[in-house]
Asks: 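Handing you a structure now.
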Amino acid sequence: SIQISGYSEGTDYTISQNENGFVVTFNNMVDKKFNLSYSTEFDYDAREDKSVNKLPNRVKLDWNDSDNDAQTISVEKKFVPASYTQQNGFKSGSYNAVSKEITWSVGLNYNLQTYAEPAVVDYIQGNQQLLEDSITVYEMKLNSGSNDVEKGNVLQAGTDYELNMVTSPSDESGFKISFPEDNNTPYLVEYKTSLKDLLIEKEYNNTATVLNNEKEVTTLDAKVSVLNGGEYTDKSGEQKGEKIEWTVNLN
């Protein structure tokens with residue numbers, strides 16, 4: 001993928017490999033601005049220090065100036081992958097005030113890792129009611145943009161995955177989805193929870209846990225805020241002459 005603007009490989013320069021990357025050697029004097037571009041592949045999950053979220057890259061330029069004196073300059077930049085890459089997935093939610101429902105979306109295996117026995121468990125926190133019939137699993141299509149995904153084909157329970165209702169040790173209801181073995185497919189899970197006839201809170205949190213061989217791989221957190229959630233009455237007053245007019249809003 002190495003390209004140098006205004007120059008041709010073999011004629012103007014040669015490329016050689018070294019243990020850390022590559023070396024470009026120009027065959028003739030360089031006296032104009034040029035741009036060198038190339039692409040790299042990376043496996044974010046293979047980095048040795050999991051606490052580091054940056055991928056470093058360094059360029060070093062050596063040349064002789066017009067007085068034939070040796071010069072050198074080195075520049076390093078660090079690329080920070082987008083959040084979906086760092087978490088190997090995502091979770092998000094949106095609230096519909098008319099239906100009193102929250103739609104949750106869980107993106108799994110964004111980094112296309114191969115897992116022996118992949119699964120995801122999601123327990124419903126707070127006063128939400130899981131709508132079991134709303135659970136839908138899609139293949140997730142990854143686009144080239146940052147955190148850019150879309151729904152692919154709808155998958156079938158019992159054929160493409162196994163769906164089971166589960167209960168947490170703290171008695172929270174939820175579900176577990178188990179996917180085929182030795183699998184590197186990215187998935188998108190959507191489901192709804194209902195707040196109908198419940199006291200609606202200001203904020204709702206949910207966590208999906210991704211498993212491999214029943215061991216935790218990562219957790220994906222989401223938070224949904226509800227406008228005026230937790231507020232069931234409101235009172236205000238306005239002075240008019242020697243009187244105060246009070247207004248009370250209920251429910």
Side-chain angles (χ1 to χ4, degrees), residues 53 80-108 110 119-138 140-141 143 145-152 154 157 163-177 186-211 216 218-251:
N53 69 342
V80 180
S83 60
Y84 289 8
T85 298
Q86 293 190 40
Q87 301 171 27
N88 196 15
F90 64 89
K91 184 167 187 181
S92 62
S94 61
Y95 175 65
N96 186 316
V98 176
S99 65
K100 300 294 186 290
E101 294 175 349
I102 299 176
T103 299
W104 298 96
S105 298
V106 187
L108 307 169
Y110 183 81
V120 60
V121 176
D122 200 319
Y123 296 114
I124 309 307
Q125 303 173 27
N127 64 336
Q128 307 176 69
Q129 297 296 324
L130 173 64
L131 302 179
E132 294 183 14
D133 292 342
S134 70
I135 300 174
T136 308
V137 181
Y138 304 87
M140 184 167 65
K141 297 175 64 176
N143 298 320
S146 175
N147 292 349
D148 186 8
V149 301
E150 59 182 287
K151 297 176 185 176
V154 178
L163 172 63
N164 294 286
M165 297 300 119
V166 293
T167 303
S168 74
S170 57
D171 207 32
E172 296 171 327
S173 63
F175 62 87
K176 179 179 180 180
I177 298 176
Y187 295 100
L188 180 62
V189 179
E190 268 192 0
Y191 67 93
K192 294 181 180 181
T193 57
S194 176
L195 309 180
K196 189 175 182 180
D197 298 326
L198 300 173
L199 294 177
I200 297 177
E201 300 175 1
K202 183 177 182 180
E203 194 172 78
Y204 289 87
N205 298 287
N206 263 86
T207 299
T209 302
V210 181
L211 305 174
E216 180 181 310
T218 186
T219 57
L220 304 171
D221 301 312
K223 181 186 299 182
V224 173
S225 299
V226 178
L227 183 64
N228 299 321
E231 300 177 12
Y232 307 106
T233 62
D234 179 69
K235 188 173 185 179
S236 61
E238 181 182 3
Q239 181 177 351
K240 292 191 175 180
E242 296 181 352
K243 297 181 179 180
I244 299 176
E245 289 189 358
W246 296 97
T247 301
V248 182
N249 296 319
L250 304 174
N251 199 22

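Each residue takes its place number in the sequence, starting with 1.
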Asks: Mind checking what makes side-chain hydrogen bond (donor to acceptor under 3.5 Å, both in side chains) contact with Asp221, not counting sequence neighbours?
Replies: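 With neighbours one apart ignored, the set is Thr207.
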Asks: Please name all residues satisfying side-chain contact (heavy atoms from CB on, under 4.5 Å) with Thr85, sequence neighbours left out, ordered by chain then number.
Replies: Phe42, Tyr44, Pro81, Tyr110, Asn111
Asks: Quick check against the 3.5 Å criterion: does Asn147 have a side-chain atom that pairs as donor or acceptor with the backbone of Ala82?
Replies: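 The answer is no, because no donor-acceptor pair under 3.5 Å joins these two groups.
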Asks: State which residues pass side-chain hydrogen bond (donor to acceptor under 3.5 Å, both in side chains) with Ser225; sequence neighbours excluded, sorted by chain then number.
Replies: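 By the side-chain hydrogen bond (donor to acceptor under 3.5 Å, both in side chains) rule, Ser225 matches no residue at all.
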Asks: I'd like to check the side-chain hydrogen bond (donor to acceptor under 3.5 Å, both in side chains) partners of Gln128; sequence neighbours left out, ordered by chain and number.
Replies: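 Trp104, Thr193, Asn206.
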Asks: Please list all pairs meeting salt bridge (Lys or Arg N to Asp or Glu O under 4.0 Å) that have one or both residues in residues 241-250, counting only residues at least two apart or in different chains.
Replies: Lys240-Glu245
Asks: If you round to the nearest 0.5 Å, how far is CG of Leu131 from OG1 of Thr103?
Replies: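 Atom-to-atom, Thr103:OG1 and Leu131:CG are 9.0 Å apart.
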Asks: Would you check, one step at a time, whether the test side chain to side chain contact (heavy atoms under 4.5 Å, CB included) holds for Lys176 with Val121?
Replies: CA-CA 4 Å; Lys176 179 179 180 180; Val121 176; 3.6 Å; yes
Asks: Do side-chain atoms of Tyr123 reach the backbone of Asp171 as a donor and acceptor pair under 3.5 angstrom?
Replies: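 No.
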Asks: If only atom types and distance count, is the side chain of Thr233 paired as donor or acceptor with the main-chain N or O of Glu231 below 3.5 Å?
Replies: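 Such a contact is absent between Thr233 side chain and Glu231 backbone.
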Asks: Hey, is the main chain of Ser134 close enough, under 3.5 Å, to the side chain of Glu132 for a donor-acceptor pair?
Replies: no
Asks: Could you list the residues that satisfy side-chain hydrogen bond (donor to acceptor under 3.5 Å, both in side chains) with Asn205, not counting sequence neighbours?
Replies: none
